[in-house]
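The structure under discussion appears below in the form of structure tokens.
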2 protein chains.
Amino acid sequence: MASRLGRVAGVTIGDVAAAARVSRSTVSRAFTRPQLLSPATVEHVLTTAARLGYVGNQAARALSTGRFGNIAVVVPDIANPFFPPLVRSLQLAAESADLAVFLGDSDESAEREAKLIARLAPQVEGFVLASPRLSEQLIRELAATRPVVLVNRDLDGIARVLIDSSGGMTEAVLLLKKLGHQRLAYLAGPRDSWSDGQRRTTLARVSEQAGLTVEVIETGRPSYAAGRDSVAAIVRSGATAAIAFDDVVSQGVLAGLEVRGISVPADFSLVGCDDTLAALTSPALTTVSAGAASAGAAAAKLLISLLETPDSGRTAAGGSAGPAPGHGGDVGGAGGACVRIGTHLVVRGTTAVARAGVVT
Amino acid sequence: MASRLGRVAGVTIGDVAAAARVSRSTVSRAFTRPQLLSPATVEHVLTTAARLGYVGNQAARALSTGRFGNIAVVVPDIANPFFPPLVRSLQLAAESADLAVFLGDSDESAEREAKLIARLAPQVEGFVLASPRLSEQLIRELAATRPVVLVNRDLDGIARVLIDSSGGMTEAVLLLKKLGHQRLAYLAGPRDSWSDGQRRTTLARVSEQAGLTVEVIETGRPSYAAGRDSVAAIVRSGATAAIAFDDVVSQGVLAGLEVRGISVPADFSLVGCDDTLAALTSPALTTVSAGAASAGAAAAKLLISLLETPDSGRTAAGGSAGPAPGHGGDVGGAGGACVRIGTHLVVRGTTAVARAGVVT
DNA sequence: ATGAAAGCGCTAACAC
DNA sequence: GTGTTAGCGCTTTCAT
């Protein structure tokens, strides 16, 4: 029994039924399938319910229907400025589909991520996994169970939204070239990050085409300190411009540069990524926009559409039978849809014409 | 019926019971009250359950017990850098009490906040309301229903954690005085914000005692733009130092100052609040630490303790019968506990000795 | 168009 | 120590 008074407020469907002098089914229908009832009845029931302050019990509904009306978004670190806008727009979009959202913070650990997912799974209809650290296998297992949308992780056959930084990256390289820079440094992100992989690749390709050299400087987990501490390596490399994995690293570089009396952009050009902090600082950072907010909205939309098409979301049994891999753009309605968000360069205060020989 | 296959995976307690050749109650007990069973049985049941991949159905459990194992945290804007660390530590703390957390973003609107709460209430055991925009009355109504913990909102009789900026603010004023500043400006926050109120009051009091004048400059909703645009007013005021409502505003001021060729800290001193961005920028901001993370952890702890003491959390019927108001510190276990988080000044790069007459 | 009744998966008296 | 039984509040056939 549930007699203990830890119980939800407590106007039940039965109370409404009694007050409205109809059966419980009628009350239920008034909410879920009003077209089956006479308008008068619906009106009457709804009014009564409102008067009594009736709120359907989600748990009971879920028990009966198997639908919870909840989704979960899990991120590696909500304090990383990339994620809040994403989560925010996701939540706002979910709200308009009347979905409540659980937030899980995995603290950058695959293990915690798995635990969180297991904990949340039984009360959630679908997941948005942003930059998941989880192994591909586990993700596929989960996706076989219920709709999953990935953000910035590219697993064939699973719905995902990818922030494609190649556009912005390319623009950045081209701009730096035009400004006369010849040696670039890339302050890399975590090796297992899809975004970092994509950025490395693009950078290598475009720089080569443009006839520039790019030195990759590893920073491990990206942070202000990591950026600041890699300035020595940057200087050593002889680069006159750097592109950082994200804005936080970029700020660190800025600080490190300043300590050495290298002024930006006079002596050195700097480009960040994600546009998370870039507009908020002084000098404002030149950066590659990332549209985290659009990604959040897109992920929500994708998940919602998966939820609506009855048995989508669960991946097909096999796993290799997809269409031509590496395709871009939307795959209409399919469980393995992939939406790519384009990026561009936002030029602000930290890039300028190269002053040959100033650095080193 | 719930025949539709939108259903959760599907190993039920009955399946486990059958497989283990015991009754359903035994299976249930093996999980919830193992001490009531013989160790052998427990072992046996648990093994069987694991083998079958049994996961308890949260909805059913909730329906039966009235406990959901969920809490909700609602914030006005998760993209405001003050909140992510708070939410993060809250979530981490909740996790260790095996509570899942819903996130609600009210988009700074009292109305949306109310809607969110109503939507979440039926599947949540308690709320953490961070800087709620909701009316006092609505908050009290909610708190009469279930445990509620407020952050940065001071309602007598309701559990709350308050970030007390008076410590840090006082230190800031004293430091500025020592550096020779005599006219201060305060870039104010929203009038209905508890934090802003506290900061204004402290500032007025301490400045007076220290013999300094402080000009309050209203900025409305605090933002980078608001800070930047209020530089004209700052200059007009003749202040040689400013304290901003938060770090974001502070960065705006920094930018605005720079445009006018006023250099910080050489010509002007600047103090931020909350330490959200301050350490990540260049120059690093002198700021009043806010311990948003500690606040999150404290709020979680408070809510958890409320959840554990059977009928706490619901406020007493009346509402005025509390003990002496305005007390500080913990009130052990009571529903109206108030924990205050102290703050201090973190001196970084944006404060220096006043250069009389440089500004204006 | 509406009511009656069964049952979702679980917990908690209450027997034994 | 373990089984039996009665619901938690809701949706949904199936009758009417």
Side-chain angles (χ1 to χ4, degrees), chain A residues 1-46 48-49 52-69 121-123 125, chain B residues 1-46 48-49 52-69 121-123 125:
Chain A
M1 297 255 196
S3 48
R4 196 131 53 91
L5 228 122
R7 186 48 123 327
V8 208
V11 182
T12 79
I13 206 173
D15 301 337
V16 178
R21 318 190 116 267
V22 295
S23 76
R24 295 202 295 250
S25 345
T26 301
V27 177
S28 176
R29 283 192 272 251
F31 284 98
T32 54
R33 283 216 221 355
Q35 64 283 36
L36 294 187
L37 261 38
S38 83
T41 320
V42 174
E43 160 81 9
H44 178 214
V45 170
L46 260 34
T48 320
L52 265 48
Y54 168 74
V55 240
N57 179 321
Q58 196 63 28
R61 198 191 322 277
L63 186 54
S64 185
T65 61
R67 317 198 77 80
F68 297 85
Q123 36 185 342
E125 276 169 70
Chain B
M1 295 255 191
S3 47
R4 198 129 52 90
L5 229 120
R7 186 47 123 328
V8 208
V11 182
T12 80
I13 205 173
D15 302 337
V16 179
R21 319 190 115 267
V22 294
S23 76
R24 296 203 293 249
S25 348
T26 302
V27 177
S28 175
R29 283 192 272 252
F31 285 98
T32 54
R33 286 221 224 354
Q35 63 285 36
L36 294 187
L37 262 38
S38 84
T41 320
V42 174
E43 161 81 9
H44 177 215
V45 170
L46 261 33
T48 320
L52 266 47
Y54 168 74
V55 241
N57 179 320
Q58 195 64 30
R61 198 191 321 277
L63 186 55
S64 184
T65 60
R67 317 199 78 81
F68 297 85
Q123 38 185 342
E125 275 169 72

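Computed from heavy atoms alone, side chains included, the values below leave out hydrogens, waters and symmetry copies. All chains are named by letter (A, B, ...) in the order of the sequence lines, taking the proteins before the strands, and each is independently numbered beginning at 1.
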Report the nucleotide, chosen from [options], that has the shortest atom-to-atom distance to any side-chain atom of [X].
X     : options               : answer
B/I13 : D/dG3, C/dC10, C/dG9  : C/dC10
A/T12 : D/dC10, C/dG9, D/dT11 : D/dC10
A/A60 : D/dG1, C/dC10, D/dC10 : D/dC10
A/R29 : D/dG3, D/dC14, D/dT5  : D/dC14
B/S38 : D/dT2, C/dT2, C/dC8   : D/dT2
A/T32 : D/dT11, C/dG9, C/dA1  : D/dT11
A/V22 : D/dG9, C/dG3, D/dT2   : C/dG3
A/S23 : D/dC10, C/dA4, D/dG1  : C/dA4

Please state how far atom [atom1] in [X] lies from atom [atom2] in [N], giving the value in whole angstrom units.
X     : N      : atom1 : atom2 : value
A/R21 : C/dT2  : CZ    : C1'   : 15 Å
B/H44 : D/dG1  : NE2   : P     : 18 Å
B/R24 : D/dG7  : CZ    : P     : 15 Å
B/L36 : C/dT11 : CG    : P     : 13 Å
A/R61 : C/dG9  : CZ    : C1'   : 17 Å
B/L63 : C/dC10 : CG    : P     : 12 Å
A/N57 : C/dC10 : CG    : C1'   : 14 Å
B/L37 : C/dA12 : CG    : P     : 14 Å

Do the side chains of [Y] and [X] get nearer than 4.5 Å, heavy atoms only?
X     : Y      : value
B/R29 : B/S25  : yes
A/R67 : A/E125 : yes
B/L37 : B/P34  : no

Inset, instruction - Using a 4.0 Å heavy-atom cut-off across all strands, classify B/Y54 as base, sugar-phosphate, or nothing. - result: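 Sugar-phosphate contact only - B/Y54 comes under 4.0 Å of backbone atoms but never of a base.
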Quick one: is [X] getting a side-chain N or O under 4.0 Å of the [N] phosphate, OP1 or OP2?
X     : N      : answer
B/T65 : D/dC8  : no
A/S64 : D/dT12 : no
A/S28 : D/dC10 : no

Inset, instruction - Please check if the side chain of A/T32 supplies one atom and the backbone of A/S28 the other of a donor-acceptor pair under 3.5 Å. - result: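 Checked: pair present.
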Legend entry - Under 3.5 Å: donor-acceptor pair, side chain of A/S64, backbone of A/A60: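 Between the backbone of A/A60 and the side chain of A/S64 there is no qualifying donor-acceptor contact (under 3.5 Å).
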Inset, instruction - Decide yes or no on side chain to side chain contact (heavy atoms under 4.5 Å, CB included) for A/T12 and A/N57, but give the supporting numbers first. - result: CA-CA 8 Å; A/T12 79; A/N57 179 321; over 6 Å; no
Inset, instruction - Classify the side chain of B/R33 and the base of D/dG1 as holding, or not holding, a donor-acceptor pair under 3.5 Å. - result: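 Donor-acceptor pair under 3.5 Å: no.
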Legend entry - Residue met sooner reading DNA chain C from 5', once B/S25 and B/A59 are mapped to nucleotides: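 Counting from the 5' end, the first nearest nucleotide belongs to B/A59.
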